[in-house]
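For this chain, numbers begin at 1 and follow the sequence in order. In each ligand, atom 1 is the first atom listed, and ligand 1 is the first ligand listed.
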Amino acid sequence: MKATAVAPANIAFIKYWGKSDEKLRLPLNPSISMNLSVCVTTTTVEFSERFTHDTVSEGFDSERIIRHIDYLRKLAQVELRVHISTKNSFPAAAGIASSASGFAALTVAASSALGLHMSEKRLSKLARTGSGSACRSIPDGFVEWKDEYAYSLYPHDYWDLRDILVIVDSHMKKVSTTEGMKAVRTSPLLPARLAALPGRIARIKKALTEKNFQEFGEIMEEECLDMHRVMQTQTPPLYYWTGDTVDIMELIKQRTIPAYFTIDAGPNVHIICEAKNEVKLIELLKDRKIIINKPARGARII
Ligand code: PMV
């Protein structure tokens, strides 16, 4: 009873920040993302009578992972111990949504190893209970997450975009997203954010349909800054940016090249551009450590 899965990280254009149900990890608002081709997690899950206890690769949150496995074991009515070996292609917990690719790969590998035949929708729901944004790493390409699960809006080859991820700091972030989100209601800016989101989501979906890059980029930046304003006005406030983060935001804002930024719960900057501008951006960022991602398929067994 063994399976290996690979799952992409994803970058959200419309962000998930705050839950309507803490335990079920249901989001306060829908979010929209793109799977990343290079930032991936590969996970092998094996259940066996030979094992006397559960083990997880070092450096990962084994308690949270085993809690997720326990849920799947119960579903499959299996009591065997598990060995989990998992590897990220990128630094963990630095705002590259490692929990998204991690829990997506874990869910797909474990359900396959347990012989549970599940639909994409079911896998997305299960991945969500491990880490909210993980549900968006199950379907292909460009994805929307509403309430319980995520689904594909467009396949990975719909629009040849790039996510040029600038690694500002690869160290562990101080406050986890799970902890940070708990205080979202202390921000006086949350009601305005929630009121603005339906209109913003409709606008970005239209820009995606029309492949209107300028419109799309402007909305994505507006959304990133809005989420960070909420984080920064929570009690206690959360500041994920460093001086370098702001320098890169300033550089992109000059629009010498058509590109826009977005930032998750960490200091690294995702610069989104069309494929035709990739080389010019690499030149502009020549002294920086970067990872270049294309839009990608969702989680799968390998
Ligand atoms: O699901 P989590 O705990 O990885 O939360 C992700 C939160 C953000 O990355 C900040 C936003 C998002 O939608 O990805």
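Any N or O atom pair closer than 3.5 Å counts here, and Tyr16 shares at least one such pair with ligand 1. Of the polar atoms of Arg136, at least one N or O is found under 3.5 Å from an N or O of ligand 1, judged by distance alone. In terms of polar-atom proximity, defined here as any N/O pair under 3.5 Å, Ser99 does make such a contact with ligand 1.
Salt bridge present: Asp54 and Arg73 bring a charged side-chain N and a carboxylate O closer than 4.0 Å. Ion pairing of Asp226 with Arg200 is present here, as a side-chain N (NZ or NE/NH1/NH2) and a carboxylate O approach within less than 4.0 Å.
Looking at Glu179 against ligand 1, nothing comes within 4.0 Å, counting heavy atoms. Under 4.0 angstrom from ligand 1, there are no non-hydrogen atoms of Ser31.
Using cut-offs of 30° and 60° on the angle between ring planes, the pair Tyr158 and Tyr154 is parallel.
Near Met181, meaning under 4.0 Å from any of its heavy atoms, are these atoms of ligand 1: 5 (O), 7 (C). Numbered from 1 in the order shown, with element, the atoms of ligand 1 that lie under 4.0 Å from a heavy atom of Lys15 read 13 (O). If you number the atoms of ligand 1 from 1 as listed, the ones under 4.0 Å from a heavy atom of Ala12 come out as 12 (C), 13 (O), 14 (O). Interface atoms of ligand 1 facing Gly132, defined by a heavy-atom separation under 4.0 Å, are 1 (O).
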Thr245 vs Tyr240, side-chain hydrogen bond (donor to acceptor under 3.5 Å, both in side chains): CA-CA, chis, key distance, verdict: CA-CA 9 Å; Thr245 310; Tyr240 285 111; over 6 Å; no
Chi angles and distances behind the salt bridge (Lys or Arg N to Asp or Glu O under 4.0 Å) call for Lys280, Glu283: CA-CA 5 Å; Lys280 280 187 240 163; Glu283 180 61 24; over 6 Å; no
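Note on ligand 1: Ala100 sits outside its first shell, no heavy atom being nearer than 4.0 Å.
You'll find the side chain of Asn29 stays beyond 4.5 Å of the side chain of Pro27, heavy atoms only.
By the 6.0 Å and 45° rule, Lys205 does not stack over the aromatic ring of Phe142.
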